[in-house]
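Structure first, commentary second.
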Amino acid sequence: MAALHGLIRGLLNATEAHEGVTARGWVRTRREGKGFSFLELNDGSCLANLQVIVDDGAPGSEALPDFQTGASVEVTGDLVASPGKGQRWELRATRVALLGQADSEYPLQKKGHSLEFLRTIAHLRPRSNLFGAVFRVRSRLAYAVHRFFQERDFVHVHTPIITTSDCEGAGEMFRVTTLKGDIDAKPSADFFGKPAFLTVSGQLEAETFACALSRVYTFGPTFRAENSNTSRHAAEFWMIEPEMAFCDLAGDMDLAEEFIKELAVYMREQCGEELALFERFVDKEVRRRLDFVIERPFQRVPYSEAVEILRRSGRKFDYPIEPGLNLQSEHERFLTEEHFKAPTTVFNYPREIKPFYMRLNDDGRTVTAMDVLVPGIGEVIGGSQREERLDQLRENLRRQQLSEADYWWYVDLRRFGTVPHAGFGLGFERLLMFLTGVANIRDVIPFARTPGSADF
Ligand code: 4AD
Ligand code: MG
């Protein structure tokens, strides 16, 4: 008899009956029959519950009244084919034991709580079907991300979380300090000898490694003190940032598009059980949007053309469309969902609205930026080819009133063996929103940090 690992997922996937197996988990429901009780047990290893049948008088069954919803229990018995509908296997208990009680205040008694309510019990919500599914998917997709890059010879680099440089130049950084009182009075007295911040992006450090190991990627938390309380912005989110030496914008877009497609395929093929749940209870269009991204070739459109399309669309948008302004998510969604009816990559943005590190195009007005847009979300990826020419980078720094002395090491990459290089950042939560159909970023991250909220 093959050994079964103790998780319910393993038991439910058994290919034959087994005697003397043990399952542990949390009681979802208990019902009493004639001379026996039914338990539905879930341990979070899969969506399905294990049905357990406990005969009255079985060892430990005197504790059954305490097997309330939410209680943790251990059951030993025989895994047998279930005569009932709805499950292939059930566990006929020979012994049951209560591990931990849950009283009637356990908040997950009934199904159908709102997502807003479940956010207030973020410590318990992973025990619900929906959040169990979301966080299993999050874990598997993290694996798929590593697999994608490792199979392509990218080296994983752990870039720092505390930094003294503002990569995106947007000034949306959280200060890290050990000073008390007026923290700006004497910054040199601070822990690191100068003002330090939580990183908004690992890109600049990733570039140094790409200019040594050729192909690298980061996968870590990033922080932005943007005060935008939207359903797609978090103050702490996870970003995946590949960086490639000897690569231009076209190569960068190729990789980004291939990456999105592969993750969508992974979701469809490896997370089918969860996808079916999301389709049923979260967003009935989610699978259609996955297929859309998997099957349709990406459209590529320069920013200037995208703006023209939006202006000519006759559509009323909340935010203005004008050359030189950033695209808003309503514009991005129009382009991918309605105009191109395909996943879309917009490139060559005006230099005025982009950070100093992007490569200036020959027109002198645009930079080699690109954003990948998907239906339902808009931007999931932002990237660019980097400015590899020393003089031009220096000019970019000057234009953005950044001091070369602060970026001396970044500038050095252009002094010693500079190469064309490019990369991008994928917001992991934005990707998960796209793959699961979950509409609010707070519901795809275990513990959300947003303006005014950092509980748990
Ligand atoms: O477009 P962004 O700002 O690009 C960068 O940070 C570059 N340094 C990336 C690079 O080239 N290596 O951010 C990248 C992605 C966005 O496309 C979006 O998916 C996500 O990060 N993102 C956020 N996700 C959640 N909450 C926020 N506040 C986010 N800001 C950006
Ligand atoms: Mg962006």
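In this chain, numbering begins with 1 at the start of the sequence shown. On a predicted model such as this, the values are computed, not experimentally measured, just so you know. Counting starts at 1 for both ligands and their atoms, in listed order.
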Heavy atom of the protein closest to [atom] (residue, atom name, distance):
atom: atom 1 (O) of ligand 1; value: Glu379 OE2, 3.1 Å
atom: atom 15 (C) of ligand 1; value: Gly425 O, 3.6 Å
atom: atom 26 (N) of ligand 1; value: Ala234 N, 3.0 Å
atom: atom 18 (C) of ligand 1; value: Arg430 NH1, 3.5 Å
atom: atom 28 (N) of ligand 1; value: Glu226 OE2, 2.7 Å
atom: atom 12 (N) of ligand 1; value: Glu241 OE2, 2.7 Å

So, 2.8 Å as the limit: is an N/O/S atom of Glu379 located closer than that to the Mg ion (ligand 2)?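 So Glu379 counts as coordinating the Mg ion (ligand 2), yes.
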
Is the contact between [X] and ligand 1 made by the side chain, the backbone, both, or neither, using heavy atoms and a 4.0 Å cut-off?
X: Ile441; value: side chain
X: Phe237; value: side chain
X: Tyr357; value: side chain
X: Arg386; value: side chain
X: Glu243; value: neither

Is Phe209 atom CZ crowded by more than 12 heavy atoms from other residues, nucleotides or ligands, each under 6.0 Å away?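 12 or below, so no.
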
What atoms of ligand 1 come closer than 4.0 angstrom to any heavy atom of [X]?
X: Gly427; value: 15 (C), 19 (O), 20 (C), 21 (O)
X: Arg224; value: 2 (P), 3 (O), 5 (C), 6 (O), 13 (O), 30 (N), 31 (C)
X: Gly382; value: 1 (O), 9 (C), 10 (C), 11 (O), 17 (O)
X: Arg232; value: 25 (C), 26 (N)

Presence of salt bridge, Arg311 and Glu308, under 4.0 angstrom: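 The answer is yes: the pair qualifies as a salt bridge.
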
Check this for me - ligand 1, Val380, N or O atoms closer than 3.5 angstrom, yes or no?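 Looking only at distances, the answer is yes, because the N/O contact criterion of under 3.5 Å is met.
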
Any nitrogen or oxygen of His233, main chain or side chain, under 3.5 Å from a nitrogen or oxygen of ligand 1?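 Among all N and O atoms of His233, none is under 3.5 Å from an N or O of ligand 1.
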
Less than 6.0 angstrom separating the ring centers of Phe149 and Phe259, yes or no?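 Aromatic pair counts; centres sit under 6.0 Å.
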
Tell me if the aromatic rings of Tyr357 and Tyr407 count as close, with their centers under 6.0 Å from one another.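 Ring centroids of Tyr357 and Tyr407 are no less than 6.0 Å from each other.
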
Spacing of OH belonging to Tyr217 relative to NE2 belonging to His156, to within rounding of 0.5 Å: 5.0 Å

Glu295 and salt bridge (Lys or Arg N to Asp or Glu O under 4.0 Å): which single residue from Arg287, Arg289, Arg288, Arg268 fits?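 With Glu295 as partner, salt bridge (Lys or Arg N to Asp or Glu O under 4.0 Å) holds for just one option, Arg268.
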
